[in-house]
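Order of the sequence lines fixes the chain letters, A, B, ..., with proteins taken first and strands second; residue numbering starts at 1 for each chain. Bear in mind that the values here come from a model prediction, so they are computed numbers and not experimental data.
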Number of protein chains: 2
Amino acid sequence: MAYPKVLANIEKHVSLTENEKNFLLSQFESKEVAKKKYILQAGDNCRYFNFVDKGAFRAYYLSKEGKESTIMFAISDWWITDMHCFINEQPAMLHIQAIEHSSIVRLPKERLDLLFEEIPKFERFFRVIMQNAYTREQLRVLENLSLTAEERYNNFLSKYPQIVAHVTQKQIATYLGITPEFLSAIRAGKGKS
Amino acid sequence: MAYPKVLANIEKHVSLTENEKNFLLSQFESKEVAKKKYILQAGDNCRYFNFVDKGAFRAYYLSKEGKESTIMFAISDWWITDMHCFINEQPAMLHIQAIEHSSIVRLPKERLDLLFEEIPKFERFFRVIMQNAYTREQLRVLENLSLTAEERYNNFLSKYPQIVAHVTQKQIATYLGITPEFLSAIRAGKGKS
DNA sequence: GTAAAAAATTAAGATACCTTAAGAAATCAG
DNA sequence: CTGATTTCTTAAGGTATCTTAATTTTTTAC
(Lines give C-alpha, C1' and ligand atoms only; values in the text may rest on other atoms or scores of the structure.)
Protein backbone atom coordinates (compact mmCIF):
# COMPACT_ATOMS: atom_id res chain seq x y z
CA MET A 1 0.00 0.00 0.00
CA ALA A 2 3.00 2.33 -0.33
CA TYR A 3 3.64 4.23 -3.55
CA PRO A 4 7.13 5.48 -2.95
CA LYS A 5 7.87 6.63 -6.48
CA VAL A 6 5.01 9.08 -6.69
CA LEU A 7 5.90 10.55 -3.29
CA ALA A 8 9.52 10.96 -4.32
CA ASN A 9 8.33 12.68 -7.45
CA ILE A 10 6.22 15.17 -5.52
CA GLU A 11 8.99 15.75 -3.00
CA LYS A 12 11.32 16.84 -5.77
CA HIS A 13 9.39 20.10 -5.61
CA VAL A 14 7.87 20.41 -2.14
CA SER A 15 8.56 18.76 1.18
CA LEU A 16 5.73 17.04 3.01
CA THR A 17 5.01 16.03 6.59
CA GLU A 18 4.23 12.40 7.44
CA ASN A 19 0.57 13.31 7.85
CA GLU A 20 0.46 14.97 4.48
CA LYS A 21 2.15 12.01 2.84
CA ASN A 22 -0.35 9.63 4.33
CA PHE A 23 -3.30 11.72 3.32
CA LEU A 24 -1.91 12.15 -0.15
CA LEU A 25 -1.31 8.46 -0.65
CA SER A 26 -4.80 7.65 0.56
CA GLN A 27 -6.19 9.59 -2.39
CA PHE A 28 -4.42 7.60 -5.10
CA GLU A 29 -5.70 4.48 -6.80
CA SER A 30 -3.25 2.05 -8.32
CA LYS A 31 -3.83 0.08 -11.47
CA GLU A 32 -2.05 -2.44 -13.68
CA VAL A 33 -2.34 -1.88 -17.41
CA ALA A 34 -1.61 -4.61 -19.93
CA LYS A 35 0.36 -3.88 -23.07
CA LYS A 36 -1.73 -2.17 -25.77
CA LYS A 37 -4.58 -1.41 -23.38
CA TYR A 38 -5.94 2.13 -23.31
CA ILE A 39 -6.28 4.14 -20.14
CA LEU A 40 -8.12 6.79 -22.17
CA GLN A 41 -9.80 6.87 -25.55
CA ALA A 42 -11.09 9.83 -27.54
CA GLY A 43 -14.63 10.61 -26.50
CA ASP A 44 -14.20 9.19 -23.00
CA ASN A 45 -14.75 11.23 -19.92
CA CYS A 46 -11.19 12.12 -18.85
CA ARG A 47 -11.33 11.74 -15.08
CA TYR A 48 -7.79 10.83 -14.04
CA PHE A 49 -4.42 12.42 -13.57
CA ASN A 50 -2.01 9.50 -13.97
CA PHE A 51 1.48 8.86 -12.67
CA VAL A 52 3.51 6.14 -14.40
CA ASP A 53 5.07 3.90 -11.81
CA LYS A 54 6.42 1.33 -14.26
CA GLY A 55 6.13 0.87 -18.01
CA ALA A 56 5.46 3.32 -20.82
CA PHE A 57 2.55 5.14 -22.43
CA ARG A 58 1.87 7.13 -25.53
CA ALA A 59 -0.75 9.89 -25.89
CA TYR A 60 -1.81 10.59 -29.44
CA TYR A 61 -4.41 12.31 -31.53
CA LEU A 62 -6.10 10.38 -34.30
CA SER A 63 -7.43 12.57 -37.13
CA LYS A 64 -10.53 11.84 -39.18
CA GLU A 65 -8.24 10.81 -42.02
CA GLY A 66 -6.65 8.22 -39.73
CA LYS A 67 -3.36 10.04 -39.18
CA GLU A 68 -1.79 9.71 -35.72
CA SER A 69 0.06 12.58 -34.03
CA THR A 70 1.90 11.71 -30.85
CA ILE A 71 1.50 14.41 -28.22
CA MET A 72 3.68 12.85 -25.58
CA PHE A 73 5.34 9.72 -24.28
CA ALA A 74 5.45 8.96 -20.57
CA ILE A 75 7.73 6.46 -18.90
CA SER A 76 8.36 5.74 -15.23
CA ASP A 77 8.22 8.90 -13.08
CA TRP A 78 6.17 10.94 -15.56
CA TRP A 79 2.60 12.23 -15.27
CA ILE A 80 0.17 11.85 -18.15
CA THR A 81 -3.40 12.77 -19.01
CA ASP A 82 -5.35 14.65 -21.66
CA MET A 83 -4.85 17.85 -19.68
CA HIS A 84 -7.16 20.05 -21.71
CA CYS A 85 -10.08 17.68 -21.35
CA PHE A 86 -9.22 16.79 -17.77
CA ILE A 87 -9.28 20.44 -16.67
CA ASN A 88 -12.32 21.45 -18.64
CA GLU A 89 -14.23 18.23 -18.04
CA GLN A 90 -14.75 17.67 -21.74
CA PRO A 91 -14.67 14.41 -23.70
CA ALA A 92 -11.11 13.32 -24.40
CA MET A 93 -9.50 14.22 -27.72
CA LEU A 94 -6.54 11.92 -27.13
CA HIS A 95 -5.91 8.22 -26.89
CA ILE A 96 -3.50 7.09 -24.18
CA GLN A 97 -2.20 3.58 -24.70
CA ALA A 98 0.23 1.39 -22.76
CA ILE A 99 3.23 0.64 -24.96
CA GLU A 100 4.16 -2.22 -22.63
CA HIS A 101 2.82 -3.82 -19.46
CA SER A 102 2.64 -0.92 -16.98
CA SER A 103 1.50 0.10 -13.56
CA ILE A 104 0.14 3.51 -12.71
CA VAL A 105 -1.21 5.39 -9.75
CA ARG A 106 -3.90 7.92 -10.48
CA LEU A 107 -5.93 10.71 -8.93
CA PRO A 108 -9.55 11.28 -9.90
CA LYS A 109 -10.20 14.96 -10.62
CA GLU A 110 -12.38 15.53 -7.56
CA ARG A 111 -9.59 14.24 -5.31
CA LEU A 112 -7.04 16.43 -7.02
CA ASP A 113 -9.29 19.40 -6.28
CA LEU A 114 -9.61 18.19 -2.71
CA LEU A 115 -5.84 18.03 -2.37
CA PHE A 116 -5.52 21.60 -3.62
CA GLU A 117 -7.83 22.66 -0.80
CA GLU A 118 -6.32 20.51 1.93
CA ILE A 119 -2.61 20.74 1.15
CA PRO A 120 -1.50 24.09 -0.28
CA LYS A 121 1.95 22.60 -0.86
CA PHE A 122 0.35 20.16 -3.25
CA GLU A 123 -1.09 23.03 -5.23
CA ARG A 124 2.41 24.48 -5.34
CA PHE A 125 3.73 21.18 -6.65
CA PHE A 126 1.09 21.20 -9.33
CA ARG A 127 1.84 24.80 -10.27
CA VAL A 128 5.49 23.93 -10.71
CA ILE A 129 4.86 20.91 -12.90
CA MET A 130 2.42 22.91 -15.02
CA GLN A 131 5.04 25.65 -15.45
CA ASN A 132 7.54 23.05 -16.54
CA ALA A 133 5.08 21.36 -18.88
CA TYR A 134 4.24 24.74 -20.41
CA THR A 135 7.84 25.70 -21.08
CA ARG A 136 8.58 22.23 -22.46
CA GLU A 137 5.73 22.52 -24.95
CA GLN A 138 6.78 26.03 -25.86
CA LEU A 139 10.25 24.78 -26.66
CA ARG A 140 8.74 22.03 -28.77
CA VAL A 141 6.73 24.59 -30.72
CA LEU A 142 9.91 26.55 -31.29
CA GLU A 143 11.69 23.46 -32.56
CA ASN A 144 8.82 22.60 -34.88
CA LEU A 145 8.92 26.13 -36.28
CA SER A 146 12.65 26.45 -36.73
CA LEU A 147 14.30 23.06 -37.22
CA THR A 148 14.36 20.48 -40.00
CA ALA A 149 13.05 16.97 -39.42
CA GLU A 150 16.59 15.67 -39.13
CA GLU A 151 17.50 18.23 -36.47
CA ARG A 152 14.34 17.46 -34.52
CA TYR A 153 15.10 13.76 -34.65
CA ASN A 154 18.61 14.28 -33.33
CA ASN A 155 17.26 16.52 -30.58
CA PHE A 156 14.76 13.86 -29.63
CA LEU A 157 17.44 11.19 -29.40
CA SER A 158 19.65 13.28 -27.17
CA LYS A 159 16.84 14.69 -25.02
CA TYR A 160 14.91 11.49 -24.42
CA PRO A 161 17.28 8.51 -24.65
CA GLN A 162 15.23 6.50 -22.13
CA ILE A 163 12.10 6.99 -24.19
CA VAL A 164 13.88 5.90 -27.35
CA ALA A 165 14.49 2.56 -25.67
CA HIS A 166 10.74 1.94 -25.30
CA VAL A 167 9.17 3.12 -28.55
CA THR A 168 9.16 2.22 -32.24
CA GLN A 169 10.47 4.46 -34.99
CA LYS A 170 6.99 4.77 -36.34
CA GLN A 171 5.90 6.25 -33.02
CA ILE A 172 8.84 8.65 -33.01
CA ALA A 173 7.92 9.71 -36.55
CA THR A 174 4.39 10.64 -35.42
CA TYR A 175 5.92 12.62 -32.56
CA LEU A 176 8.16 14.53 -34.98
CA GLY A 177 5.34 15.06 -37.48
CA ILE A 178 6.97 13.15 -40.32
CA THR A 179 6.29 9.83 -42.06
CA PRO A 180 8.06 6.64 -40.94
CA GLU A 181 9.46 6.35 -44.47
CA PHE A 182 11.11 9.74 -44.23
CA LEU A 183 12.48 8.98 -40.78
CA SER A 184 14.00 5.86 -42.27
CA ALA A 185 15.65 7.96 -44.97
CA ILE A 186 17.01 10.36 -42.34
CA ARG A 187 18.51 7.48 -40.40
CA ALA A 188 20.12 6.14 -43.56
CA GLY A 189 21.79 9.54 -43.96
CA LYS A 190 19.58 10.55 -46.87
CA GLY A 191 17.74 13.32 -45.02
CA LYS A 192 19.90 15.74 -46.89
CA SER A 193 21.56 14.60 -50.08
CA MET B 1 -2.40 54.12 -8.68
CA ALA B 2 -5.19 51.68 -9.57
CA TYR B 3 -4.62 48.93 -12.15
CA PRO B 4 -8.15 47.70 -12.61
CA LYS B 5 -7.51 45.53 -15.66
CA VAL B 6 -4.95 43.29 -14.02
CA LEU B 7 -7.18 42.81 -10.98
CA ALA B 8 -10.13 41.92 -13.15
CA ASN B 9 -7.90 39.44 -14.94
CA ILE B 10 -6.88 37.75 -11.71
CA GLU B 11 -10.43 37.74 -10.42
CA LYS B 12 -11.56 35.76 -13.45
CA HIS B 13 -10.04 32.81 -11.62
CA VAL B 14 -10.01 33.59 -7.89
CA SER B 15 -11.87 36.10 -5.73
CA LEU B 16 -9.89 38.42 -3.51
CA THR B 17 -10.57 40.46 -0.40
CA GLU B 18 -9.97 44.23 -0.41
CA ASN B 19 -6.83 43.69 1.64
CA GLU B 20 -5.48 41.15 -0.77
CA LYS B 21 -6.24 43.40 -3.72
CA ASN B 22 -4.40 46.27 -2.13
CA PHE B 23 -1.41 44.15 -1.25
CA LEU B 24 -1.33 42.66 -4.70
CA LEU B 25 -1.47 46.00 -6.45
CA SER B 26 1.31 47.33 -4.25
CA GLN B 27 3.63 44.72 -5.72
CA PHE B 28 3.18 45.73 -9.36
CA GLU B 29 5.21 48.31 -11.24
CA SER B 30 3.70 50.06 -14.22
CA LYS B 31 5.57 51.06 -17.32
CA GLU B 32 4.96 52.72 -20.67
CA VAL B 33 6.66 51.14 -23.66
CA ALA B 34 7.15 52.99 -26.93
CA LYS B 35 6.53 51.27 -30.24
CA LYS B 36 9.41 49.01 -31.30
CA LYS B 37 11.03 49.12 -27.87
CA TYR B 38 12.02 45.84 -26.26
CA ILE B 39 10.96 44.83 -22.77
CA LEU B 40 13.31 41.83 -23.06
CA GLN B 41 16.18 40.88 -25.33
CA ALA B 42 17.97 37.55 -25.70
CA GLY B 43 20.76 37.31 -23.18
CA ASP B 44 19.08 39.66 -20.70
CA ASN B 45 18.27 38.64 -17.22
CA CYS B 46 14.51 37.88 -17.42
CA ARG B 47 13.18 39.34 -14.18
CA TYR B 48 9.58 40.27 -14.95
CA PHE B 49 6.22 38.69 -15.37
CA ASN B 50 4.33 41.22 -17.51
CA PHE B 51 0.65 42.00 -17.93
CA VAL B 52 -0.38 43.98 -21.02
CA ASP B 53 -2.70 46.78 -20.01
CA LYS B 54 -2.82 48.46 -23.43
CA GLY B 55 -1.06 47.85 -26.74
CA ALA B 56 0.52 44.73 -28.21
CA PHE B 57 3.72 42.70 -27.93
CA ARG B 58 5.44 39.93 -29.82
CA ALA B 59 7.82 37.35 -28.30
CA TYR B 60 10.15 35.74 -30.79
CA TYR B 61 13.26 33.65 -31.09
CA LEU B 62 16.03 34.81 -33.41
CA SER B 63 18.22 31.98 -34.73
CA LYS B 64 21.90 32.28 -35.51
CA GLU B 65 20.98 32.30 -39.18
CA GLY B 66 18.79 35.35 -38.56
CA LYS B 67 15.44 33.57 -38.84
CA GLU B 68 12.66 34.78 -36.53
CA SER B 69 10.12 32.41 -34.97
CA THR B 70 7.23 34.04 -33.15
CA ILE B 71 6.40 32.23 -29.93
CA MET B 72 3.45 34.36 -28.92
CA PHE B 73 1.61 37.61 -29.34
CA ALA B 74 0.11 39.41 -26.36
CA ILE B 75 -2.51 42.12 -26.51
CA SER B 76 -4.48 43.83 -23.76
CA ASP B 77 -5.38 41.45 -20.91
CA TRP B 78 -2.62 38.90 -21.69
CA TRP B 79 0.44 37.97 -19.66
CA ILE B 80 3.82 37.65 -21.34
CA THR B 81 7.38 36.75 -20.43
CA ASP B 82 10.10 34.29 -21.44
CA MET B 83 8.68 31.77 -18.99
CA HIS B 84 11.46 29.22 -19.23
CA CYS B 85 14.15 31.77 -18.45
CA PHE B 86 12.00 33.61 -15.90
CA ILE B 87 11.41 30.44 -13.88
CA ASN B 88 14.91 29.09 -14.11
CA GLU B 89 16.64 32.47 -13.75
CA GLN B 90 18.59 31.95 -16.94
CA PRO B 91 19.47 34.50 -19.63
CA ALA B 92 16.54 35.13 -21.95
CA MET B 93 16.31 33.22 -25.23
CA LEU B 94 13.50 35.41 -26.53
CA HIS B 95 13.04 38.98 -27.64
CA ILE B 96 9.84 40.70 -26.53
CA GLN B 97 9.07 43.83 -28.51
CA ALA B 98 6.21 46.33 -28.39
CA ILE B 99 4.36 46.24 -31.71
CA GLU B 100 2.78 49.58 -30.86
CA HIS B 101 2.84 52.09 -28.02
CA SER B 102 1.87 50.05 -24.97
CA SER B 103 1.50 50.12 -21.23
CA ILE B 104 2.21 47.19 -18.98
CA VAL B 105 2.18 46.32 -15.31
CA ARG B 106 4.78 43.86 -14.17
CA LEU B 107 5.88 41.74 -11.22
CA PRO B 108 9.55 41.15 -10.49
CA LYS B 109 10.21 37.47 -9.81
CA GLU B 110 10.97 37.94 -6.10
CA ARG B 111 7.62 39.65 -5.62
CA LEU B 112 5.81 36.91 -7.48
CA ASP B 113 7.42 34.41 -5.09
CA LEU B 114 6.39 36.61 -2.18
CA LEU B 115 2.80 36.65 -3.43
CA PHE B 116 2.77 32.85 -3.62
CA GLU B 117 3.73 32.79 0.06
CA GLU B 118 1.41 35.53 1.24
CA ILE B 119 -1.70 34.88 -0.83
CA PRO B 120 -2.37 31.20 -1.56
CA LYS B 121 -5.22 32.24 -3.82
CA PHE B 122 -2.67 33.98 -6.01
CA GLU B 123 -0.73 30.76 -6.36
CA ARG B 124 -3.99 29.12 -7.40
CA PHE B 125 -4.50 31.82 -9.99
CA PHE B 126 -1.02 31.18 -11.31
CA ARG B 127 -1.56 27.43 -11.39
CA VAL B 128 -4.69 27.92 -13.46
CA ILE B 129 -3.08 30.23 -15.99
CA MET B 130 -0.12 27.85 -16.32
CA GLN B 131 -2.53 24.94 -16.92
CA ASN B 132 -4.23 26.97 -19.60
CA ALA B 133 -0.96 28.05 -21.17
CA TYR B 134 0.20 24.44 -21.23
CA THR B 135 -2.90 23.11 -22.93
CA ARG B 136 -2.82 26.00 -25.41
CA GLU B 137 0.77 25.16 -26.39
CA GLN B 138 -0.05 21.48 -26.59
CA LEU B 139 -2.86 22.24 -29.01
CA ARG B 140 -0.48 24.36 -31.05
CA VAL B 141 2.00 21.47 -31.23
CA LEU B 142 -0.83 19.24 -32.42
CA GLU B 143 -1.79 21.72 -35.11
CA ASN B 144 1.81 22.04 -36.25
CA LEU B 145 2.07 18.26 -36.51
CA SER B 146 -1.19 17.59 -38.26
CA LEU B 147 -2.32 20.60 -40.31
CA THR B 148 -1.11 22.25 -43.51
CA ALA B 149 0.07 25.85 -43.51
CA GLU B 150 -3.21 26.97 -45.02
CA GLU B 151 -5.24 25.23 -42.33
CA ARG B 152 -3.06 26.72 -39.59
CA TYR B 153 -3.51 30.19 -41.09
CA ASN B 154 -7.27 29.84 -41.16
CA ASN B 155 -7.24 28.58 -37.58
CA PHE B 156 -5.17 31.55 -36.53
CA LEU B 157 -7.56 34.01 -38.17
CA SER B 158 -10.59 32.52 -36.47
CA LYS B 159 -8.95 31.95 -33.09
CA TYR B 160 -7.22 35.31 -32.71
CA PRO B 161 -9.11 37.94 -34.70
CA GLN B 162 -8.10 40.71 -32.27
CA ILE B 163 -4.44 39.85 -32.70
CA VAL B 164 -4.77 39.86 -36.48
CA ALA B 165 -5.80 43.50 -36.20
CA HIS B 166 -2.46 44.42 -34.59
CA VAL B 167 0.17 42.46 -36.48
CA THR B 168 1.68 42.26 -39.95
CA GLN B 169 1.43 39.25 -42.25
CA LYS B 170 5.14 38.77 -41.97
CA GLN B 171 4.74 38.39 -38.21
CA ILE B 172 1.90 35.93 -38.66
CA ALA B 173 4.07 33.95 -41.08
CA THR B 174 6.82 33.61 -38.43
CA TYR B 175 4.16 32.43 -35.96
CA LEU B 176 2.95 29.78 -38.42
CA GLY B 177 6.47 28.72 -39.33
CA ILE B 178 6.23 29.63 -43.02
CA THR B 179 7.74 32.34 -45.21
CA PRO B 180 5.84 35.60 -45.87
CA GLU B 181 5.97 34.76 -49.58
CA PHE B 182 4.18 31.49 -49.03
CA LEU B 183 1.59 33.13 -46.77
CA SER B 184 0.98 35.59 -49.57
CA ALA B 185 0.43 32.70 -51.96
CA ILE B 186 -2.01 31.08 -49.52
CA ARG B 187 -3.98 34.32 -49.26
CA ALA B 188 -4.12 34.56 -53.05
CA GLY B 189 -5.71 31.10 -53.07
CA LYS B 190 -2.62 29.41 -54.44
CA GLY B 191 -1.87 27.39 -51.30
CA LYS B 192 -3.28 24.41 -53.05
CA SER B 193 -4.05 24.73 -56.73
C1' DG C 1 8.68 -22.88 -33.14
C1' DT C 2 6.00 -21.25 -36.69
C1' DA C 3 2.59 -18.48 -39.12
C1' DA C 4 0.83 -14.06 -39.13
C1' DA C 5 1.23 -9.31 -38.26
C1' DA C 6 3.70 -5.20 -37.73
C1' DA C 7 7.76 -2.42 -38.41
C1' DA C 8 11.51 -0.85 -41.07
C1' DT C 9 13.72 -0.09 -45.50
C1' DT C 10 14.18 1.35 -50.25
C1' DA C 11 12.98 3.78 -54.24
C1' DA C 12 10.30 6.47 -57.76
C1' DG C 13 7.33 10.03 -58.61
C1' DA C 14 4.48 13.87 -56.52
C1' DT C 15 3.70 18.16 -53.79
C1' DA C 16 4.00 21.61 -50.07
C1' DC C 17 6.82 24.89 -49.05
C1' DC C 18 11.35 27.56 -49.71
C1' DT C 19 14.71 30.69 -52.10
C1' DT C 20 15.72 34.36 -54.79
C1' DA C 21 14.59 38.35 -57.08
C1' DA C 22 12.05 42.11 -58.65
C1' DG C 23 8.13 45.35 -58.61
C1' DA C 24 4.00 47.44 -56.23
C1' DA C 25 1.86 49.02 -52.15
C1' DA C 26 1.89 50.63 -47.62
C1' DT C 27 4.10 52.79 -43.70
C1' DC C 28 7.50 55.63 -41.44
C1' DA C 29 10.66 59.54 -40.33
C1' DG C 30 11.61 64.08 -40.51
C1' DC D 1 4.40 66.16 -47.83
C1' DT D 2 8.19 63.50 -49.48
C1' DG D 3 11.90 60.21 -49.67
C1' DA D 4 13.23 56.11 -47.46
C1' DT D 5 12.06 51.87 -45.51
C1' DT D 6 9.33 48.05 -44.88
C1' DT D 7 5.70 45.05 -46.30
C1' DC D 8 3.22 42.56 -49.62
C1' DT D 9 2.84 40.29 -53.99
C1' DT D 10 4.16 37.54 -57.96
C1' DA D 11 6.75 34.14 -60.26
C1' DA D 12 10.44 30.72 -61.51
C1' DG D 13 13.22 27.17 -60.02
C1' DG D 14 14.71 24.29 -56.05
C1' DT D 15 14.37 21.22 -51.89
C1' DA D 16 12.31 18.85 -47.93
C1' DT D 17 9.06 15.88 -47.20
C1' DC D 18 5.03 12.85 -48.75
C1' DT D 19 2.71 8.99 -51.27
C1' DT D 20 2.59 4.64 -52.93
C1' DA D 21 4.24 0.23 -53.31
C1' DA D 22 7.21 -3.57 -52.95
C1' DT D 23 10.77 -6.08 -50.03
C1' DT D 24 13.05 -7.29 -45.83
C1' DT D 25 13.30 -7.57 -40.97
C1' DT D 26 11.37 -7.85 -36.49
C1' DT D 27 7.79 -8.82 -33.33
C1' DT D 28 3.62 -11.09 -31.89
C1' DA D 29 0.36 -14.79 -30.96
C1' DC D 30 -0.61 -19.31 -30.33
Side-chain angles (χ1 to χ4, degrees), chain A residues 34-37 55-56 58 60 62-63 65-70 73 95 97-102 143-157 163-193, chain B residues 34-37 55-56 58 60 62-63 65-70 73 95 97-102 143-157 163-193:
Chain A
K35 181 169 182 168
K36 295 200 178 168
K37 291 288 183 198
R58 180 171 74 104
Y60 64 93
L62 182 61
S63 75
E65 299 80 34
K67 181 177 170 186
E68 292 183 6
S69 300
T70 295
F73 297 107
H95 300 264
Q97 187 181 34
I99 291 173
E100 55 197 54
H101 184 91
S102 301
E143 292 185 0
N144 286 154
L145 295 181
S146 61
L147 302 181
T148 65
E150 183 167 16
E151 291 167 328
R152 280 179 277 141
Y153 177 60
N154 289 328
N155 271 195
F156 184 82
L157 293 185
I163 289 175
V164 174
H166 292 266
V167 305
T168 64
Q169 277 173 223
K170 190 184 174 188
Q171 290 168 340
I172 295 176
T174 67
Y175 180 93
L176 299 174
I178 63 180
T179 59
E181 293 84 355
F182 188 54
L183 179 53
S184 215
I186 288 172
R187 285 162 50 84
K190 295 167 193 156
K192 269 214 155 122
S193 154
Chain B
K35 182 170 181 167
K36 293 199 179 168
K37 291 289 182 197
R58 180 171 75 104
Y60 63 93
L62 183 60
S63 76
E65 298 80 33
K67 181 178 168 184
E68 293 182 6
S69 299
T70 295
F73 297 106
H95 300 265
Q97 186 181 34
I99 291 173
E100 56 198 53
H101 183 92
S102 301
E143 290 185 0
N144 287 338
L145 296 181
S146 62
L147 301 182
T148 65
E150 183 167 15
E151 291 167 328
R152 282 180 277 140
Y153 177 60
N154 289 328
N155 271 195
F156 184 83
L157 293 185
I163 289 176
V164 174
H166 292 265
V167 305
T168 64
Q169 276 174 223
K170 190 184 174 189
Q171 291 168 340
I172 295 177
T174 68
Y175 181 93
L176 299 175
I178 63 179
T179 58
E181 292 84 355
F182 188 54
L183 179 53
S184 216
I186 288 171
R187 284 162 50 83
K190 293 165 195 158
K192 273 214 152 120
S193 160

### Task
Report the nucleotide, chosen from D:dC8, C:dC18, C:dT10, that has the shortest atom-to-atom distance to any side-chain atom of B:Ser184.
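The listed nucleotide nearest to B:Ser184's side chain is D:dC8.
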In whole angstroms, how far is the [atom2] atom of [N] from the [atom1] atom of [X]?
X: B:Phe182; N: D:dC8; atom1: CZ; atom2: P; result: 17 Å
X: A:Ile186; N: C:dA8; atom1: CD1; atom2: P; result: 14 Å
X: B:Arg152; N: C:dA16; atom1: CZ; atom2: P; result: 13 Å
X: A:Glu150; N: D:dT15; atom1: CD; atom2: C1'; result: 14 Å
X: A:Ile99; N: C:dA7; atom1: CD1; atom2: P; result: 11 Å
X: A:Leu183; N: D:dA16; atom1: CG; atom2: P; result: 16 Å
X: B:Ile178; N: D:dT17; atom1: CD1; atom2: C1'; result: 16 Å
X: B:Glu68; N: D:dT7; atom1: CD; atom2: C1'; result: 13 Å

### Message
Which residues pass the side chain to side chain contact (heavy atoms under 4.5 Å, CB included) test with A:Leu157, not counting sequence neighbours?
### Response
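A:Leu157 satisfies side chain to side chain contact (heavy atoms under 4.5 Å, CB included) with A:Tyr153, A:Asn154, A:Val164 only.
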### Task
Report the residues that fulfil side chain to side chain contact (heavy atoms under 4.5 Å, CB included) with A:Glu181, sequence neighbours left out, ordered by chain and then residue number.
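For A:Glu181, the residues satisfying side chain to side chain contact (heavy atoms under 4.5 Å, CB included) (neighbours in sequence not counted) are A:Thr179.
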#### Entry: For A:His166, side chain to side chain donor-acceptor pair (under 3.5 Å) partners two or more places apart
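Listed in chain order: A:Glu100.
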### Query
Which residues pass the side chain to side chain donor-acceptor pair (under 3.5 Å) test with B:Ser69, sequence neighbours left out?
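B:Ser69 satisfies side chain to side chain donor-acceptor pair (under 3.5 Å) with no other residue.
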#### Entry: Residue closer to the 5' end of DNA chain D, B:Gln171 versus A:Leu147 (nearest nucleotide)
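Residue closer to the 5' terminus by nearest nucleotide: B:Gln171.
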### Query
With a 3.5 Å cut-off and no angle check, do the side chains of A:Glu150 and A:Thr148 form a donor-acceptor pair?
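No - no donor-acceptor pair under 3.5 Å links their side chains.
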### Task
Please state whether the rings of A:Tyr175 and A:Phe156 are parallel, tilted or perpendicular, taking 30° and 60° as the class boundaries.
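Ring orientation of A:Tyr175 relative to A:Phe156: tilted.
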### End axis versus end axis in the helix from C:dG1-D:dC30 to C:dG30-D:dC1, the angle rounded to 10°, five pairs used at each terminus
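If I round to tens, the end axes sit 80° apart.
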### Task
First locate atom CD1 of B:Ile178, then atom CZ of B:Arg152, and finally report the distance between them rounded to the nearest 0.5 Å.
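Between B:Ile178 CD1 and B:Arg152 CZ, I get 6.5 Å after rounding to 0.5 Å.
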### Task
Taking the side chain as every heavy atom from C-beta outward, state whether A:Val167 and A:Arg58 have any pair of such atoms under 4.5 Å apart.
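Of all side-chain heavy-atom pairs linking A:Arg58 with A:Val167, none is under 4.5 Å.
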For [N], does OP1 or OP2 lie under 4.0 Å from any side-chain N or O of [X]?
X: A:Gln169; N: D:dT26; answer: no
X: B:Arg187; N: D:dC8; answer: no
X: B:Thr179; N: C:dC18; answer: yes

#### Entry: Heavy-atom protein contacts under 4.0 Å, nucleotides 20-30 of chain C, coded B base, S sugar-phosphate only, - none
BB------S--
### Task
Go through the steps for B:His95 and B:Leu62 under the test side chain to side chain contact (heavy atoms under 4.5 Å, CB included), then give the verdict.
CA-CA 8 Å; B:His95 300 265; B:Leu62 183 60; 4.0 Å; yes
### Query
When all nucleic acid strands are considered with a 4.0 Å heavy-atom cut-off, which category describes A:Thr168: base, sugar-phosphate, or nothing?
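If one applies the 4.0 Å heavy-atom cut-off, A:Thr168 turns out to touch the sugar-phosphate alone, with no base involved.
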